[in-house]
Amino acid sequence: QVLLVDVGGGLVQSGGSLRLSCAASGRAIVNYRMGWFRQAPGQEPEFVAAISASGGIIDYLESVKGRFSISRDNAKNTAYLQMNSLKPEDTAVYYCAAAPNTVYSRSPTVYDYWGQGTQVTVSS
């Protein structure tokens, strides 16, 4: 069992930055792909970014490329999402998630463990 706690959300003006952190406990995340998803009110969860267990393979939603950066520190059992140049359309609850590194998909269904979510609100 992996317990994920994601923090770092908040209210920021358009163009601002936030850094989300996802701290894991219960089991080391070294063998898990870590992902970030977001969900706006009334919408389905949307894939944002993912990083492989070793950190060597990274994938981003097209609309966040060049603005967001996913990383991980396996020694600290933590994953991160640095968000720069934020836009109002980035407003959502952001969730970190962990999936077995053997299966790759952007679908949230392959992720076994989820954080509780952290609200990101970007004002115009």
Which of Leu61, Asn84, Asp90 passes side chain to side chain contact (heavy atoms under 4.5 Å, CB included) with Phe68? Answer is Asp90

Any side-chain heavy-atom pair of [X] and [Y] under 4.5 Å:
X: Ile70; Y: Tyr60; result: yes
X: Val120; Y: Met83; result: yes
X: Pro100; Y: Asn31; result: no
X: Tyr113; Y: Gln1; result: yes
X: Ser17; Y: Gln82; result: yes

Mind checking the OG-CD spacing from Ser124 to Gln13? Nearest 0.5 Å is all I need.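 Here the interatomic distance stands at 9.5 Å.
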
**Request:** Nearest 0.5 Å please: distance from the CD atom of Gln39 over to the CD atom of Glu46.
**Result:**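 Output value for this atom pair is 10.5 Å.
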
Tell me the closest heavy-atom pair linking [X] and [Y], and the distance in Å.
X: Ala98; Y: Leu4; result: N-CD1, 3.8 Å
X: Ser14; Y: Pro88; result: OG-CD, 3.8 Å
X: Gly117; Y: Val93; result: CA-CG1, 3.8 Å
X: Thr78; Y: Ala23; result: OG1-CA, 4.0 Å

Under a 3.5 Å threshold, yes or no: a donor from one side chain and an acceptor from the other, between Thr109 and Ser107? yes

Test item: side-chain donor near acceptor, Thr121 and Gln119, under 3.5 Å =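 Yes, Gln119 and Thr121 have a side-chain donor paired with an acceptor closer than 3.5 Å.
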
Are the side chain of [X] and the backbone N or O of [Y] linked by a donor-acceptor pair below 3.5 Å?
X: Thr118; Y: Gly9; answer: yes
X: Asn77; Y: Val30; answer: no
X: Asn101; Y: Tyr32; answer: no
X: Asp6; Y: Trp36; answer: no
X: Tyr104; Y: Ser52; answer: no
X: Arg72; Y: Ile29; answer: yes
X: Arg67; Y: Ser85; answer: yes

Can you check side-chain contact (heavy atoms from CB on, under 4.5 Å) on Arg19 and Leu81, steps first, answer last? CA-CA 6 Å; Arg19 188 192 195 204; Leu81 185 67; over 6 Å; no

Applying a strict under-4.5 Å side-chain criterion to I, L, V, M, F, W and Y, I'd like to know whether [X] and [Y] cluster together.
X: Tyr95; Y: Val7; result: no
X: Tyr111; Y: Tyr80; result: no
X: Ile58; Y: Met34; result: yes

Could you label the plane-to-plane angle of the Phe47 and Phe37 rings as parallel, tilted or perpendicular, counting under 30° as parallel and over 60° as perpendicular? perpendicular

Contacts of Arg33 meeting side chain to side chain donor-acceptor pair (under 3.5 Å) (sequence neighbours excluded), chain-then-number -> none

Does atom CD1 (Ile57) have a neighbourhood of more than 12 heavy atoms from anything else shown, all under 6.0 Å? no

Heavy atoms of other groups near Lys76 NZ, more than 12 under 6.0 Å
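No, not enclosed.
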
Disulfide bond (SG atoms under 2.5 Å apart) pairs touching residues 39-124, sequence neighbours excluded, are Cys22-Cys96

